[in-house]
Amino acid sequence: MTPYRDDLASVVSRLLDRPHERPWRILRGTPWHTALPATHAERRQGWQLDVSATPKSVPAMLERVVPVLRAHRAAFTFAPSVALVGWLGGRSCPRADSGKVLTVYPRDDDVLAQIAEELLARTAGIPGPRVLSARPVRPGSVVHYRFGGFQGTTNPFQALDDDGRLRQPLLAPDGTTVPDRGEAWFAPPTWAPCPWDGTETAGPFGSPDGLAPGQAIRLHRRYVVRQALEHLATGGSYLAIDEGGRGEAGEAAGTAVDVVLRHARAHADADLTGTDARSRLLHEARMLRRLDGHLRVARPRVVFAAAGDVFLVQDHVAGETLRQWVHRHASGGAGVPADLALMMTRRLVALVGAAHGAGVALRDLHPSQYLVGLDGSLGLASAAAATPIGQTGPGPVAPGYHAPDLRTGTAATTSEDLYGLGCLLFLLATGADPLLPADVPGAVSARRDADPWTEDPGLLDWLGEPATRPVDGRFPVEGDSGAEPRRHEGRPVRDRLSAWLAVLARYGDTARLLRPAITALLAPRPEERGDLAALEPLLAGRHPLAPTCASASAAPAAPADQPGAEELLADGLDHLLATMRPDDERLWPSGDLGARTDPRNVQHGAAGVLSVLLRAHANGAAFDVASMSLDAAARKAAAWLSDRCERGDRALPGLYYGRAGVAWVLADAAATLGEPPLLAQAERLALRLPTSWPNADIAHGLAGAALTQLYLARAGGDAGGALIAREGQFGERALACGRALRAAAVPGPYGPTWPVPASFGSELAGGYHYGFAHGVAGIGYALLALGTALDEPAYVELAAEAGYTLCRAARVDEDGAAWWPVGPEDANRLPHWCSGSSGVGTFLLRLLAVTGEQRFGEYARAAAGAVYRARWRSSPSACHGLAGDGEYLLDAAEILADPTYRAWAEDLVPLLAVRHCRREGRALVPDETLTSVVADYNVGLSGVLAYLMRLRYGGSRLFLVDHLLTDDEPGAPLR
């Protein structure tokens, strides 16, 4: 077994096992495991110790630390594998978790100092990265301290925060609770005095995040840091001013010039050889100096050390990254226009050739490390994996742009760069990264009984050969289900990407022109990739694989194995039924973020997936998995949700993150399955929802609760014709929500807005958004529905003013497409439902239908244009991708009575299909990470299935109350 797969849990078990002592328990967790003594008194919070290590040093650290903890009967959590230790010290790890290999939970604060002193003595000389959220007990020590909840144990104090995420709040001395934010810096509460007089802060910068507001940071006596460009667990990069010293490159001595500081932390990003971020940065500086003069690089000026860390000073080169250049030129098209793409291809070929001429293989050709100058010239800003040809060197730092045959410790070859170059040409041809979820042949367990942290794409790079990698947090396990599963062999990545190019080639020239070169460069065998000289005939069309002049306008046929909407829908529903786990605390596995939210909610939990099963059931779809029918699956899921929906934690109001959506889906289940008790339960839950709340939005806040009150009013019998009976309990509560929403409106530069108070315990606090999930569009829709259903003209009037706000905030390009940023301070132009054109258009279409104001229709059409133009690079998901955009285009087709928009919605299906993977023979689309498959509604498979089902069967859009805007029955399209 490779060392990266070593089982540290067995090491800990061996160190804790003593024949004459009461046994310890080891509880599996995500991602850490927990070791508990036989007599364990649960604590809610307190001071705790974090011990860091590297993959190479972790065995020695455990051998020295665990006996101390055993002697003190102190509970602790630990990383269960060397792979996780490497990830915790690497680039992909969130900075708040960085370095936390082992955390000690003392039974009281009195024993804390004693354990710390013993650990200091025992771990002297053991290397480990800094734990950014804690403070070292002694400078340079791997033992750190911080204050927080004892979340790694069996502690029951975890609760939903104001955003619907599961966290453990801290209990203040006065009995109030405050959120434990888990910041990436040392931030104990003011009422928890530090057990030591630690004076060290966060390394060479002297502030938690590298830059404190208004603080001038001077390094090496001459570099004044002005702006943080990137923060990583392993270091970061900063824009700085070099205030003087000797002149360089023709500069006069003492001249102040802009430079870039690259920072590498001690012992971060370490591997089994002991190589860490500092040695990687030093290696990169040597490679850049070697390449300087052969090609354009951001020239390294000097390397220096500070507080044990290493800094590289480089020239600051004006321009944009190649990724930014591609996205700018590919906006609205299937890839970069052909003439520009061919020009950039030749520049890339020349740059790679120049590197090879200098005797260097770049190895990792990620587009973020290339700089396109203001004059269009191409240069290299970083070369983290560059290695002299024939020598060994560091591995790649990011997935997607390096050869599958590249492994740390192997000799660098030019063929590795040819594969990476093919990945860059794919980016030019599509505007998208060449990322695909893995095909998995054979039977795969759907149990999350292995390491769920392995869903992280950065961590997957630690796990060796692709055939041994886990899928969606699980390693393949044969015989997991009762029936013999369908089997499908994994397809070569080149074939899958070529099929993607074939689909796009039907819409634009670039994919067709570059496809032969990309296909040649992505050959799985290094010897089949040819050389750089062989590319020119491919680019010039003088190759059997390239289109001839006579057929230049003919696009390749769509791949024969490309699944259509029917197959994606059938296989997706099949997958949902097969992966449901009614005995688990989470009915369907979720991703890293989803696993930290309420397992019942719509966004990431059971309610959202159940809503799709109910819609399939109502449409008469008949998909079976083993002995479980769709009806049986829906009933099992409804029973699971019913059993857990009224447990005593907070009834948050949001439709997607709160309990409003859970009540909504239970009411749907009652109607679809003929189970009246579920409706009674939905009503009880809805009556617990607040009718005032600091956040007004749909996803987390009061607008979501308002829509559920309206929905329950109709479902539960408050209705009277087209209007809701105002005197009914749900009608009254809907009115109360409406009054609160109206009172919360604040005048903005374009009209009414709904900012979240800065004092509210939410990540959204202190600003306002425009989109449907978190902003004006969703709140406006709730007001429109309240005003129409309750006969409140003032609400409709306020909704119309919200519509004008959005029209004024629109950013319309020269082609007439309308885009919206997240909020007034954002410079991006976004197309999707959560924030952007799709969500804003969803509201504007309904405003048009109710008010007849044609201005709303004009902007809704312009929003549809933006949505359609953005389709090439979009993920499959509903929240930020094609499924939500497709729902909007179907809305536009119905409300505007224009079949063009339905045709556009149909056009999205092939773009969903090109990203599919085959698992147990099923064609499945990935979640918005593009590398895994999860069931979640808004960011995963279920939202895609909802869109495909509506495309196939028709009907209304889920989680809207359009039937209350007219006299129609639920499910009828709004016109």
Side-chain angles (χ1 to χ4, degrees), residues 160-165 597-598 601-603 607 649-664 682-683 685-713 724 726 729-746 748 752-790 792 794-799 801-802 805 823 834-835 839 842-843 846 959-961 964:
L160 296 173
D161 68 7
D162 291 327
D163 289 328
R165 296 184 183 179
T597 69
D598 186 348
N601 69 22
V602 168
Q603 184 81 3
D649 49 358
R650 305 175 71 191
L652 297 171
L655 185 57
Y656 290 90
Y657 282 88
R659 295 297 172 82
V662 177
W664 187 308
E683 291 176 339
L685 190 57
L687 292 174
R688 288 182 56 200
L689 298 175
T691 56
S692 63
W693 193 253
N695 183 350
D697 76 19
I698 285 276
H700 298 280
L702 192 60
L707 291 181
T708 292
Q709 303 297 343
L710 288 178
Y711 193 71
L712 267 292
I724 299 298
R726 297 161 62 97
Q729 58 181 347
F730 297 110
E732 290 177 354
R733 293 177 64 80
L735 274 173
C737 290
R739 287 192 292 270
L741 289 174
R742 191 179 178 197
V746 173
T753 62
W754 283 265
V756 180
S759 59
F760 188 52
S762 166
E763 293 182 2
L764 303 170
Y768 65 87
H769 292 179
Y770 292 130
F772 201 92
H774 307 299
V776 174
I779 299 164
Y781 176 78
L783 286 166
L784 182 68
L786 289 166
T788 306
L790 299 171
E792 284 283 347
Y795 294 175
V796 175
E797 181 179 346
L798 182 55
E801 287 300 318
T805 294
C834 180
S835 295
T842 295
F843 170 47
R846 286 148 178 89
F959 301 110
L960 295 180
V961 291
L964 299 181

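Note that the structure is a prediction, hence the values are computed from the model and not measured. Only this structure's heavy atoms are used, side chains among them; waters, hydrogens and symmetry mates stay out. If you read the sequence from its start, that first residue is 1, and numbering goes on from there.
Residue L735 holds its CG atom at 14.0 Å from CZ of F730, rounded to the nearest 0.5 Å.
Annotation: R742, atom CZ; neighbour count of heavy atoms from other residues, nucleotides and ligands within 6.0 Å does not exceed 12.
Residue pairs meeting the salt bridge (charged side-chain N to carboxylate O under 4.0 Å, His left out) criterion with at least one partner in residues 767-788, sequence neighbours excluded, do not occur; the list is empty. For residues 699-708, the set of pairs meeting the side-chain hydrogen bond (donor to acceptor under 3.5 Å, both in side chains) definition, not counting sequence neighbours, is empty. Identified under the side-chain hydrogen bond (donor to acceptor under 3.5 Å, both in side chains) test for residues 766-779, with sequence neighbours left out: D697-H774.
Two residues are said to be in side-chain contact when any heavy atoms from C-beta on lie closer than 4.5 Å; L784 and V796 meet this criterion. Side-chain atoms of I698 and Y656, non-hydrogen and from C-beta on, do get closer than 4.5 Å to each other. Taking 4.5 Å as the limit, some side-chain heavy atom of F959 sits within range of a side-chain heavy atom of L655.
Residues satisfying the side chain to side chain contact (heavy atoms under 4.5 Å, CB included) test with A785, not counting sequence neighbours, are L707, L710, V961, L965. Here R165 pairs with E763 under the side-chain hydrogen bond (donor to acceptor under 3.5 Å, both in side chains) rule; sequence neighbours left out. Checked against side chain to side chain contact (heavy atoms under 4.5 Å, CB included), D598 has the following partners two or more places apart in sequence or in another chain: L160, R600, N601, R659.
With R739 contributing its side chain and T691 its backbone, the two residues share no donor-acceptor pair below 3.5 Å. The main-chain N or O of L764 is found under 3.5 Å from a side-chain atom of S762 such that the two form a donor-acceptor pair. Without hydrogens or angle criteria, Q709 side chain to A686 main chain gives a donor-acceptor distance under 3.5 Å. Of the possible donor and acceptor atoms, one in the side chain of R733 sits under 3.5 Å from a partner among the backbone N and O of L687.
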How far apart are the C-alpha atoms of L741 and Y795, what are their side-chain angles, what is the distance that settles it, and do they pass the side-chain contact (heavy atoms from CB on, under 4.5 Å) test?
CA-CA 9 Å; L741 289 174; Y795 294 175; over 6 Å; no
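Between F760 and W693, the two ring planes are perpendicular [angle over 60°; tilted spans 30° to 60°].
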